[in-house]
Student: 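Starting off with a structure, shown below.
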Amino acid sequence: MPSFLPAVAEQLFRDIHKTHQETSQIPDDLLIALKFVFGLCALPALDLVDLHSVTCLSSPSGRKAFQVIGGSGRLYTCFASCHYCPCPAFAYTVLRRNEGLLCKHILAVYLSQAMGGTRQESVSDQQMSVLLSGTAAA
Amino acid sequence: MTDILTLVFRTFTSQTAGSEDLTVPPTSPATCSALLVGDAGLSRSVLLLAAVTAASEMGVRVVFFTHTRIQSLPPCLQKRVPGLSPESLKKITFSYPRTMEELLQQVASLHEPTNTSPAPPSLVVVDGLEGYLCGPGECGSGLGGFHLGERSVQAAHLSALLCDSAAFLTQVLRSRSSSSDLCRVVASFGSPGDGGEASAADASLDVLDRYFRVRCTLDRAGSYEAAAAGLHEVWNIYLSGTGMAEASCAKDCEDRPAVAQEWKLFIPPDGLMEFKLV
């Protein structure tokens, strides 16, 4: 599927992945680049990664999704291949105002994958369907 | 998705239109999601043509979501589809979700083994997206801003779920065969009325354009054009969007046929649709 990220963002995540594999750290220049590309949600996203807030859910069919624990403790289900988050920031800043590429939850998913900090959890196919449809109780 | 749309247009091209140089573009990730925008009735007919063409000429499974039960196929399908047979029609699964919640649940369950056996669908169709988005009195607060926001979120959720489902089904298709087949998504969004409805539709379309890489606009031509040709209706069909731009770039880099971007649709009084490349 075509990427939903601009090329500069994709390259940035590749650089973070490579550097983190070698040094277990993100150097200042990449942090500055992250802030420059993603703006205000960069630091909150890094905080979410530090707190191990991102979980990759898998079901027997092979379908995957990501679940992120937000600052308020609420769970947000994000998709594996395109950008959507049920949080208010995504609805307002990204969709309504078109002022951001993504919210901190989606950015945290990308960063935790680049840094290898994603938890893994298995769910049933039916549970996956409920989570993807967003019809589960919060 | 433009490969299927072009196949539909080519299949129903007039015999006198000189279609010998028409080629169907190869399947491309850039063009695998398309949104039809325009008259609701015509969009539905084009979507049915796409579904039947995919099932009969490409031999792939199709899932077709629509609000209104389909009572009969358009006249041109009944009389002209070369490979139309009961066996090919069985490849199409029609589903009639009544609400956005039901539609989300059914799309979300496409990954389950009951829907991917014996083969996963290669085409997912959603007819009449605007009918599933909440209306002015249905989005909680009566304030217009909140209503528009809620519609945008619904549009984004459904579109993202469709695209993510198609990406997963593509992986399944490729893991089960050595081909580079894709799962395509096509949806229709009917033309809005005036005033508040148009404003809400514009906001929804802005959101939908984030996820659907190709837009297929159906625009009715002036009545004089139809009258002059002795036809019931004449329509202009335009293909646009980021997916078309990417496909054009790919064509420049590789030796691929270009994706035709403008067509005309002629509908005579007997309803037999005919397409012509402009």
Side-chain angles (χ1 to χ4, degrees), chain A residues 1-7 10 56-68 76-103 105-106 109-110 122-138, chain B residues 28-33 99-117 120 145-146 148-172 175 182-183 185 203-204 206-208 210-213 242-243 246-247:
Chain A
M1 292 289 282
S3 172
F4 282 77
L5 280 176
E10 286 193 325
C56 177
L57 305 173
S58 305
S59 73
S61 68
R63 190 73 189 266
K64 290 189 187 329
F66 291 93
Q67 215 163 39
V68 184
Y76 296 104
T77 302
C78 303
F79 296 119
S81 67
C82 58
H83 296 165
Y84 173 76
C85 181
C87 75
F90 185 82
Y92 185 72
T93 307
V94 179
L95 294 182
R96 183 98 185 261
R97 305 275 301 184
N98 200 25
E99 287 178 349
L101 279 174
L102 19 97
C103 64
H105 308 108
I106 300 175
V109 169
Y110 279 115
S122 297
V123 297
S124 70
D125 285 336
Q126 289 74 26
Q127 284 172 317
M128 177 64 78
S129 299
V130 171
L131 287 165
L132 292 172
S133 68
T135 53
Chain B
S28 160
T31 58
C32 63
S33 58
T99 62
M100 172 61 89
E101 189 171 319
E102 282 186 18
L103 178 58
L104 285 169
Q105 287 168 345
Q106 291 180 24
V107 173
S109 66
L110 284 176
H111 71 103
E112 295 181 20
T114 49
N115 291 314
T116 57
S117 296
F146 284 112
L148 287 177
E150 182 66 19
R151 273 177 71 100
S152 295
V153 170
Q154 285 186 335
H157 186 187
L158 177 61
S159 305
L161 181 57
L162 283 166
C163 290
D164 195 62
S165 300
F168 171 75
L169 291 170
T170 295
Q171 286 176 19
V172 176
S175 70
L182 286 175
C183 178
V185 175
S204 300
D206 284 343
V207 171
L208 294 171
R210 288 174 173 269
Y211 300 97
F212 291 92
R213 313 292 288 207
T242 55
E246 288 173 24

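All values below come from the heavy atoms of this structure, side chains included, with hydrogens, waters and symmetry mates left out.
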Student: Below 4.5 Å, heavy-atom pairs only: which of Ala65(A), Pro86(A), Cys82(A), Pro60(A) has the largest tally toward chain B?
Tutor: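 Most pairs with chain B among the choices: Cys82(A).
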
Student: Working to the nearest 0.5 Å, report the span between OH of Tyr84(A) and SG of Cys163(B).
Tutor: 13.5 Å

Student: Could you pull out the closest heavy-atom pair between His83(A) and Ala160(B), with the gap in Å?
Tutor: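 Between these two residues, the closest heavy atoms are O-CB, 4.4 Å.
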
Student: What are the two closest heavy atoms between Ala80(A) and Asp164(B), and how far apart are they?
Tutor: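 Closest approach of Ala80(A) to Asp164(B), heavy atoms only: N-OD1, 3.4 Å.
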
Student: Check side-chain contact (heavy atoms from CB on, under 4.5 Å) between Ser124(A) and all other residues, then give those that pass, not counting sequence neighbours.
Tutor: Gln126(A), Gln127(A)

Student: May I ask you to name which of Val94(A), Leu95(A), Asn98(A) has the most heavy-atom pairs under 4.5 Å with chain B?
Tutor: Leu95(A)

Student: Chain A: which of Gln171(B), Gln105(B), Arg210(B) shares the most heavy-atom pairs with it under 4.5 Å?
Tutor: Arg210(B)

Student: What distance do Arg96(A) atom CZ and Asp206(B) atom CG have between them, rounded to the nearest 0.5 Å?
Tutor: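 One finds 11.5 Å between CZ of Arg96(A) and CG of Asp206(B).
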
Student: Is there side-chain contact between Ser165(B) and Arg63(A), with at least one heavy-atom pair below 4.5 Å?
Tutor: yes

Student: What closest approach, in Å, do Asp125(A) and Glu112(B) show between heavy atoms, and which atom pair accounts for it?
Tutor: O-OE2, 3.8 Å

Student: State the CZ-OG distance between Phe90(A) and Ser152(B), to the nearest 0.5 angstrom.
Tutor: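 Going from the CZ atom of Phe90(A) to the OG atom of Ser152(B) covers 10.5 Å.
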
Student: Checking Ser159(B) against chain A: side chain, backbone, both or neither under 4.5 Å from a heavy atom?
Tutor: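 Interface part for Ser159(B): neither.
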
Student: Does the His157(B) side chain pair with the main chain of Leu132(A), one donor and one acceptor, at a distance under 3.5 Å?
Tutor: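 Yes, because the side chain of His157(B) sits within donor-acceptor range (under 3.5 Å) of the backbone of Leu132(A).
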
